[in-house]
Amino acid sequence: MSKVRVLVGTRKGAFILTSDGKRKQWEVSGPFFTGWEIYHLKGSPADPDRLYASQTSGWFGQVIQRSGDGGKTWETPGGGPQMAPGQAPKGESNKFAYDTSPQTGKPLTTHQFYDGTQHPWEFKRVWHLEPSLTDPNTVYAGVEDAALFRTTDGAKSWHEMAGLRGHGTGPKWQPGAGGMCLHSILLDPKNPKRMFVAISAAGAFRTDDGGITWKPINKGLHSQYIPDPHAEVGHCVHRIALHRSKPDVLFMQKHWDVMRSDNAGDSWQEISGNLPTDFGFVIDVHAHEPETIYVIPIKSDSEHFVHEGKLRVYRSRKGGNEWEALTNGLPQKDCYVNVLRDAMAVDSLDKCGIYFGTTGGQVYASPDAGDSWSPIVRDLPAVLSVEVQTLA
């Protein structure tokens, strides 16, 4: 029977949740890296026991962790936190250095800040890790301040893919409320040279040549809080998703609006339909039905909790516009949690399982594509990310 492994990053460590294909009984392992913020952990499609984790701290810096045995043991391939006399330990394992060389980096040194002035690019943390579909030693990293990095040696060293940040719009990028982060990386399973990324608050971008050059793909997006609501860049995209059978069809949860593109991002149309609010963070796609998508509406951009105090996942079976509330097993009274942008995942079993984590520390699972829900765990630290692996 198949097994399922759910990888959970929280404000105070990482947890690994495992079950058989029935997904009724769960074993909880962890916490790993106790006390550290784990923005993301994800397994390699090419080697499911190869896991990568982004371990970060405002005090101690950034460390990338790697496991070769499904999370039982971990190592820091670039070296662990370094101690200096009289100082706190500093995460020196994987230095992410922006490329400012004239040949590749077009030396881009500043971007727009909250007040409209130019501000130096400063590395803060890794938000998202996306392993290659074919090579367990190759991983892409989305970081804050927004940039895309790649390792080809299993996270021992990282190099910026400077064509993205060196795009002509780079100086116009500015932080969203949560910082200027590259948080979404989608690899096209049918075209190894195509990749999509999303940045808060710059927008979505696509490369068709393996990351050498990039183009903004924000036509059709509308953002009311920027000087030009239809600008080429400046849109606060919260999350993008695709189905591997139709990689030209993209779905987006924006700061406001749920959007869809049928041409790889060249243009977008709104599909918010009958949602109670079109603000939110997560969006994901059913494993076997490319027109079935899931979102979790949040009340507003100033009140980051679910609408009406009811935790409801909304599902559309028609690619948007028509939505149904999924509530069976979810709290429908006095619930005021948020679900962050990387905190939903879908397994590949039939029926597929849907998983999400909340800022209240709950991880919910549905073994029947959203029809019913139950908590795997209730009392973790605030959940930052959820990923799932379907194991043979």
>> List the residues meeting salt bridge (Lys or Arg N to Asp or Glu O under 4.0 Å) with Arg125, not counting sequence neighbours, and say none if there are none.
In response: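 Counting only residues at least two positions away or on another chain, Arg125 forms a salt bridge (Lys or Arg N to Asp or Glu O under 4.0 Å) with Glu144.
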
> Going through the checks in order, is the ring pair (Phe, Tyr, Trp, His ring centres under 6.0 Å) test met by Phe279 and His307?
Replying inline: CA-CA 10 Å; Phe279 183 87; His307 191 248; over 10 Å; no

May I ask you to decide if [Y]'s main-chain N or O and [X]'s side chain share a donor-acceptor pair within less than 3.5 Å?
X: His243; Y: Ala287; answer: yes
X: Thr207; Y: Trp214; answer: no
X: His288; Y: Leu349; answer: yes
X: Ser385; Y: Ala343; answer: no
X: Gln62; Y: Val126; answer: yes
X: Asn338; Y: Thr359; answer: no
X: His238; Y: Gly280; answer: yes
X: Arg50; Y: Pro136; answer: yes
X: Asp20; Y: Lys22; answer: yes
X: Lys190; Y: Ser245; answer: yes

>> Lys193 vs Asp208, test: salt bridge (charged side-chain N to carboxylate O under 4.0 Å, His left out). Steps then yes/no.
In response: CA-CA 5 Å; Lys193 290 187 176 296; Asp208 297 309; over 6 Å; no

> Does a salt bridge link Asp266 with Lys215, judged by any charged N lying under 4.0 Å from a carboxylate O?
Replying inline: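 Answer for the salt bridge query: yes.
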
> Salt bridge between Lys254 and Asp257, side-chain N to carboxylate O under 4.0 Å?
Replying inline: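 Yes, this pair counts.
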
> Aromatic ring centroids of Trp173 and Phe205 under 6.0 Å?
Replying inline: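 Distance test on ring centres: under 6.0 Å, yes.
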
Using the ring of each side chain (for Trp, its six-membered ring), is [X] parallel, tilted or perpendicular to [Y], with breaks at 30° and 60°?
X: Phe32; Y: Trp74; value: tilted
X: Trp121; Y: His111; value: perpendicular
X: His119; Y: Phe113; value: parallel

Judged by modelled atom types alone, do [X] and [Y] share a side-chain donor-acceptor pair under 3.5 Å?
X: Ser300; Y: Ser302; result: yes
X: Thr138; Y: Ser132; result: no
X: Ser184; Y: Arg239; result: yes

> Given Asp49 and Arg5, is the salt bridge (charged side-chain N to carboxylate O under 4.0 Å, His left out) satisfied, shown in steps?
Replying inline: CA-CA 10 Å; Asp49 281 338; Arg5 183 191 291 148; 3.1 Å; yes

>> Applying salt bridge (charged side-chain N to carboxylate O under 4.0 Å, His left out) to Glu291 and Arg260, what does each step give before you reach the verdict?
In response: CA-CA 11 Å; Glu291 292 295 306; Arg260 174 189 176 122; 2.8 Å; yes

> Which is it for Val306 and Ile298 under the side chain to side chain contact (heavy atoms under 4.5 Å, CB included) test, yes or no, and what are the steps along the way?
Replying inline: CA-CA 4 Å; Val306 291; Ile298 302 302; 4.0 Å; yes

> Only one of Asp342, Leu41, Val8, Val6 forms a side-chain contact (heavy atoms from CB on, under 4.5 Å) with Glu387, so which one is it?
Replying inline: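 Filter result, single survivor: Asp342.
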
>> Is any side-chain heavy atom of Val383 closer than 4.5 Å to one of Thr358?
In response: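 Of all side-chain heavy-atom pairs linking Val383 with Thr358, none is under 4.5 Å.
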
> Taking only residues at least two apart or on different chains, which pairs with a member in residues 360-377 satisfy salt bridge (charged side-chain N to carboxylate O under 4.0 Å, His left out)?
Replying inline: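 Residue pairs passing salt bridge (charged side-chain N to carboxylate O under 4.0 Å, His left out), neighbours aside: Arg315-Asp371.
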
